[in-house]
2 protein chains.
Amino acid sequence: MAKVDTSLVAHLPLFAGVKPDDLDEILREARSARYPKSTAIFEQGADAKSFFLLLHGHVRAAKTTPTGEQIVVRYVAPGETFGLAMAIGTAQYPATAMAVDDSVVLIWPTSAWPRLIERFPSLAANTMQTVGKRLQESHTRILEMSTQQVEQRVAHALLRLANQSGKKLEKGIEIDFPISRQDIAQMTGTTLHTVSRILSGWESQGLVESGRQRIILREPHRIVVLAERNPDSGAA
Amino acid sequence: MAKVDTSLVAHLPLFAGVKPDDLDEILREARSARYPKSTAIFEQGADAKSFFLLLHGHVRAAKTTPTGEQIVVRYVAPGETFGLAMAIGTAQYPATAMAVDDSVVLIWPTSAWPRLIERFPSLAANTMQTVGKRLQESHTRILEMSTQQVEQRVAHALLRLANQSGKKLEKGIEIDFPISRQDIAQMTGTTLHTVSRILSGWESQGLVESGRQRIILREPHRIVVLAERNPDSGAA
DNA sequence: CGGACAGTTTGCGATAGCGCAAAACGGGTC
DNA sequence: GACCCGTTTTGCGCTATCGCAAACTGTCCG
């Protein structure tokens, strides 16, 4: 098993307050693995044998209903953890994780968690913060779904993606991994058709430039305006 | 300050794995307070000076948008904690808490938290579980809002309330605190008008009996069916 | 180079649920 | 016992969004 360079991960929030030597010890318990694009990392409902830290690539966490509909819970960016089922006291993964790009992850066995947090309390504290932040994001999402219309929700979703995984280029900000209209629909609680119509509209106004699983925000500022505008105060 | 009887709270999940003597020490750091019906316990955005454990009554946690719309994040039942901002690393409360019934709470100063979890690690672990559970509930709610129609969401919301705070009586299960159509609307992402229409419909079918801020589920089982039915497989 | 296919666009009805408005209904108060 | 106020009910028109269907397009593959 290849040794993981501590300098690559030392700055991550997860390891804030952990001493270099300790970090070394923590990393020794992990192995790394590569998941090619479009492969599943774990499935919803499967026993949570491991938890993960994403090093490279992008991972989509999605939840499926009994009737087969899906929603995207979140996109994981490099440096973030996922599959933390055990930390929150669940024996099975509550969602499915899939690499949307060729991805490299660190993997710890779930069984190592209790020992790790006992030896390194900041790990527990940092994880708590992470989970807390996700909880607040969920509440924000619920708030948006309750009070905003689809166009605003899509605007917010794209801005968040751009913020989290945007690649700056001359033309604007490009979302740095393949994402389809369907994916955006599943993030915002709508249908791919509606998303397509909205993006078409924006494209003709020069707000975005988009193609097959590719979106560039050309005028982020104007999209912010869209996201925040009160529906009934709009143009004629 | 009146001393809190440890036997009243020892069985709570929050204190699982805490020794009686330790529990005593933990409780010594808390004070208790009474909030009459309809009084605010803390406001969204205010500095998180304290965290709370509900002993009696019911508390509604709600989030308000910049434009004044509200959603109900959750109803707190006796034995549950709320206002855990500091645990999740936030200096301000992300929501407003209001007593919906005369309520009694235990209050710890936020500043006590770091010391408490250091001395009693199970507190931290238990809190992590709680937060994790809430995160999953949020995801479930998002899933429902994305894939189900209003009637099903209302059914789910009422079943959850009945489960959490239902009082069994001969006629059925009564939700044990005052709750308006508006409240239910804010839990399900719809309007009070739509909730009213739905409940009227159910009432005429004998599924519920309801009045001013009062709801009794007369036929929980049939409501479960409603909650789960696939929209397009319904009656003619 | 010619499919074949997944993803995207677009048109066109259908409709669930909203928004407004007005009326009816408790339930507590003086 | 009359009154007042917050809650609930209900009617009615409107529209944002869905759902289906069909055409289109960029990409990968042989």
Side-chain angles (χ1 to χ4, degrees), chain A residues 36-38 60 67-71 98 100 144-155 175 177-186 188-205 208-216 226 229-236, chain B residues 36-38 67-71 98 100 144-155 175 177-205 208-216 226 229-236:
Chain A
K37 182 172 171 171
S38 299
R60 182 183 63 194
T67 61
E69 291 139 308
Q70 278 201 340
I71 62 151
M98 167 165 286
V100 295
E144 285 178 7
M145 291 190 61
S146 299
T147 62
Q148 305 184 326
Q149 15 200 125
V150 175
E151 186 173 25
Q152 294 173 72
R153 301 206 302 265
V154 171
I175 290 168
F177 54 85
I179 185 166
S180 69
R181 321 281 140 151
Q182 175 76 67
D183 291 323
I184 295 169
Q186 291 175 346
T188 52
T190 182
T191 63
L192 86 160
H193 305 278
T194 299
V195 172
S196 180
R197 284 179 241 270
I198 289 171
L199 288 184
S200 293
W202 289 356
E203 184 128 29
S204 68
Q205 295 170 58
V208 302
E209 183 179 325
S210 75
R212 205 188 177 67
Q213 312 206 95
R214 220 183 85 258
I215 301 177
I216 299 171
L226 267 187
R229 99 134 154 268
N230 184 327
D232 42 78
S233 71
Chain B
K37 181 171 171 174
S38 298
T67 62
E69 291 139 308
Q70 278 202 341
I71 62 152
M98 165 165 288
V100 295
E144 284 177 8
M145 292 190 61
S146 299
T147 62
Q148 304 184 327
Q149 18 200 126
V150 175
E151 186 173 26
Q152 295 173 70
R153 302 205 301 264
V154 171
I175 291 167
F177 55 86
I179 184 167
S180 69
R181 321 281 139 147
Q182 175 76 67
D183 293 323
I184 295 170
Q186 291 174 346
M187 298 179 69
T188 51
T190 181
T191 63
L192 86 161
H193 306 277
T194 299
V195 172
S196 180
R197 283 180 241 270
I198 288 171
L199 288 186
S200 295
W202 289 358
E203 184 128 27
S204 68
Q205 295 170 58
V208 302
E209 182 180 326
S210 76
R212 203 187 178 69
Q213 312 207 97
R214 220 184 85 259
I215 301 177
I216 299 171
L226 267 187
R229 99 136 153 270
N230 184 327
D232 43 78
S233 70

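Lettering follows sequence order; numbering is per chain, from 1. Heavy-atom basis, side chains included; hydrogens, waters and symmetry copies ignored.
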- Message: I'd like to know if B/His193 reaches the base of D/dT10 with its side chain, counting only an N/O donor and acceptor under 3.5 Å.
- Response: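 By the distance-only test, yes, there is a pair.
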Expressed as a whole number of angstroms, how long is the span from [X]:[atom1] to [N]:[atom2]?
X: A/Gln213; N: D/dT25; atom1: CD; atom2: C1'; value: 14 Å
X: A/Glu151; N: D/dT15; atom1: CD; atom2: C1'; value: 15 Å
X: A/Arg214; N: D/dC28; atom1: CZ; atom2: P; value: 12 Å
X: A/Lys37; N: D/dT27; atom1: NZ; atom2: P; value: 11 Å
X: B/Gln186; N: D/dT7; atom1: CD; atom2: P; value: 11 Å
X: B/Arg197; N: D/dG13; atom1: CZ; atom2: P; value: 13 Å
X: A/Glu203; N: D/dT25; atom1: CD; atom2: C1'; value: 14 Å
X: B/Met145; N: D/dC18; atom1: CE; atom2: C1'; value: 16 Å

Do [X] and [Y] come close enough that some side-chain heavy atom pair is under 4.5 Å?
X: A/Gln152; Y: A/Glu144; value: no
X: A/Glu69; Y: A/Ile71; value: no
X: B/Ile198; Y: B/Ile184; value: no
X: A/Ile179; Y: A/Val100; value: no
X: A/Glu209; Y: A/Arg214; value: yes
X: A/Glu151; Y: A/Val154; value: no

OP1, OP2 of [N] versus side-chain N and O of [X]: anything below 4.0 Å?
X: A/Thr194; N: D/dC18; answer: yes
X: B/Arg181; N: D/dT8; answer: yes
X: B/Ser200; N: D/dT10; answer: yes

- Query: Given axes from five pairs at either end, by how many degrees does the helix from C/dC1-D/dG30 to C/dC30-D/dG1 bend, rounded to 10°?
  - Reply: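 The angle separating the two end axes equals 40°.
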- Message: Between B/Ser200 and B/Ser196 (side chain of the first, backbone of the second, donor and acceptor by atom type, cut-off under 3.5 Å), is there such a pair?
- Response: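 Checking the backbone N and O of B/Ser196 against the side chain of B/Ser200, a donor-acceptor pair under 3.5 Å is found.
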- Query: Sub-3.5 Å donor-acceptor pair from the side chain of A/Glu203 to the main-chain atoms of A/Ser210, do we have one?
  - Reply: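 Flag set: sc A/Glu203 to bb A/Ser210 pair under 3.5 Å.
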- Item | Nucleotide nearest A/Thr191 (side chain, heavy atoms from C-beta), chosen from D/dC12, D/dT8, D/dC18 |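 Output: D/dC18.
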- Message: Could you tell me the boundaries of the chain A footprint on DNA chain C, defined by atoms under 4.0 Å from its heavy atoms?
- Response: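 Going 5' to 3' along DNA chain C, contacts run C/dA6 to C/dC12.
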- Query: If you round to the nearest 0.5 Å, how far is CE of A/Met98 from NZ of A/Lys37?
  - Reply: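 Answer for the NZ-CE pair, A/Lys37 versus A/Met98, is 12.0 Å.
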- Message: Let me spell it out: for each of A/Arg212 and A/Val195, pick the nucleotide of DNA chain D with the closest heavy atom. Which residue's pick is nearer the 5' end?
- Response: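 Comparing both residues, the 5'-ward one is A/Val195.
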